[in-house]
J.: 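Provided herewith is a single structure, encoded as C-alpha cells, for subsequent inquiry.
Keep in mind the model is a prediction, meaning the values are calculated, not measured.
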Amino acid sequence: MNAAPLLDWTAIAAVLSASAIGVAIPGANFVAITNKALGASRREAVGMSCGVALVNCLWAIVGIVGAGALLARHPWLGVWLRLLGSAYLLWFGSRLLMRAAMLPPAPVSDAGGSQAAAFRQGVALNIVNPKSLMYYCAFLSNVAPASASGATITAMVFTVGACAVVWYSSLGWLLSFPQVSSRFRRSLPRVNRICGVLLIVLALFEILAR
C-alpha cells in the first residue's frame with residue numbers, strides 16, 4: 001500500500017483558486033485598502049494588506065482544521081453560513097450602488113501615519129469582517145481533505161496568506177501612483193456600480209442555487 005503524499009497538490013491548487021476568488025471579490029477589505037492607497041502612503045497600504053492577510057490565515061486555519069468536521073456533522077451550519085454570507089454580499093453590494101451615486105472622495109493626506117498602525121487597522125478591519133470568516137469556513141472546509149498531512153495544511157494556510165498579500169499589496173502599490181490614483185478616483189463611481197451589481201448577482205445566485 002502506497003504512503004500518502006507529503007503534499008496534496010490537488011488540494012493546495014483548490015485552495016489557491018478559492019483564495020484568489022475570495023480576495024478578488026470586492027468587499028470591505030478592498031474598499032479600505034483602496035482608500036488607504038488613495039489617501040496615504042504606499043507603505044501604509046502594504047501594511048494594511050499584511051494585517052488583512054494575517055487574519056485571512058487565521059480564518060483559513062479555522063476553516064481547514066476545525067470547521068470541516070463541524071460542518072460535516074451539522075450540514076445545516078453550512079447552509080446558514082452561505083445564507084448569511086449571501087445576505088452580507090447583498091448588503092454590501094447595495095451600499096456600493098448607493099455610494100456610486102455620490103461624488104468621488106477627495107484625496108486625504110495622512111502620509112504621516114505609520115506602517116505598524118496601518119497593519120493594526122488591517123487586522124481590526126478583517127477580524128470584524130463577516131465575509132472573510134464565512135467564506136473560508138464555508139468554502140475552504142469543503143476542499144481540505146480529511147486526511148491532509150500537516151505539511152499540506154501548512155501549505156494551504158500559507159497559500160491563503162500569500163494570495164491576500166500579493167493581491168492587496170499590488171492594488172495598494174498600483175494606486176499609490178498619482179497618475180493611476182487620479183484616474184481611478186474619477187472612475188470610482190463606475191467601479192462601485194459594477195462591483196455592486198456583481199456582488200448582488202453573486203449573492204442571488206448563491207441563494208437560488210441552494
J.: Where is the tightest heavy-atom contact between Cys57 and Gly161, given as atom of each residue plus distance?
T.: SG-CA, 3.4 Å
J.: Quick check: does any side chain N or O of Gln115 sit under 3.5 Å from a backbone N or O of Glu44, one acting as donor and the other as acceptor?
T.: no
J.: At what distance, to the nearest 0.5 angstrom, does CD1 of Ile153 lie from CD1 of Ile12?
T.: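 The distance works out to 10.5 Å.
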J.: I'd like to know if the side chain of Thr152 and the backbone of Asp8 have a donor-acceptor N/O pair within less than 3.5 Å.
T.: yes
J.: Would a hydrophobic clustering, with Ile, Leu, Val, Met, Phe, Trp and Tyr connected at side-chain separations under 4.5 Å, put Val46 with Trp167?
T.: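 In one cluster with Val46: Trp167, no.
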J.: Output, in order, the C-alpha distance, side-chain angles, deciding distance and verdict of side-chain contact (heavy atoms from CB on, under 4.5 Å) for Leu58 and Leu54.
T.: CA-CA 7 Å; Leu58 173 62; Leu54 178 65; over 6 Å; no
J.: Which heavy-atom pair separates Ile33 from Ser49 by the least distance, and what is that distance?
T.: CD1-OG, 3.8 Å
J.: Calculate, to the nearest 0.5 Å, the distance between atoms CG and CG belonging to Asn29 and Asn126 respectively.
T.: 4.0 Å
J.: Could you work out, with side-chain contact (heavy atoms from CB on, under 4.5 Å) as the rule, every residue matching Ala116, not counting sequence neighbours?
T.: Ser114, Arg120
J.: Evaluate Val52 against Val165 for side-chain contact (heavy atoms from CB on, under 4.5 Å), listing each step before the verdict.
T.: CA-CA 8 Å; Val52 168; Val165 169; over 6 Å; no
J.: So, for Thr159 and Ala155, which heavy atoms are closest and what is the spacing to 0.1 Å?
T.: OG1-O, 2.7 Å
J.: In Å, rounded to the nearest 0.5 Å, how long is the span from CD1 of Ile61 to CE of Met156?
T.: 12.5 Å
J.: Between OG of Ser170 and CG of Leu175, what distance do you get to the nearest 0.5 Å?
T.: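 So the gap between those two atoms works out to 10.5 Å.
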J.: CZ/Arg193 to CG/Leu97 distance, rounded to the nearest 0.5 angstrom?
T.: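 Going from the CZ atom of Arg193 to the CG atom of Leu97 covers 8.0 Å.
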J.: Do Val160 and Val23 have side chains that approach each other closer than 4.5 Å (heavy atoms only, starting at C-beta)?
T.: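 With C-beta onward as the side chain, the pair stays apart.
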J.: Hey, could you give me the CG/CH2 distance between Leu16 and Trp9, rounded to the nearest 0.5 Å?
T.: 11.0 Å
J.: Within the structure provided, determine whether Val15 and Phe158 are in side-chain contact (heavy-atom separation under 4.5 Å).
T.: no
J.: Can you name the residues that form a ring-ring contact (aromatic ring centres under 6.0 Å, His included) with Trp173, not counting sequence neighbours?
T.: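 For Trp173, the residues satisfying ring-ring contact (aromatic ring centres under 6.0 Å, His included) (neighbours in sequence not counted) are Phe177.
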J.: Do the side chains of Phe30 and Leu171 get nearer than 4.5 Å, heavy atoms only?
T.: yes
J.: Tell me the closest heavy-atom pair linking Ala164 and Asn56, and the distance in Å.
T.: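 Closest approach of Ala164 to Asn56: CB-ND2, 3.5 Å.
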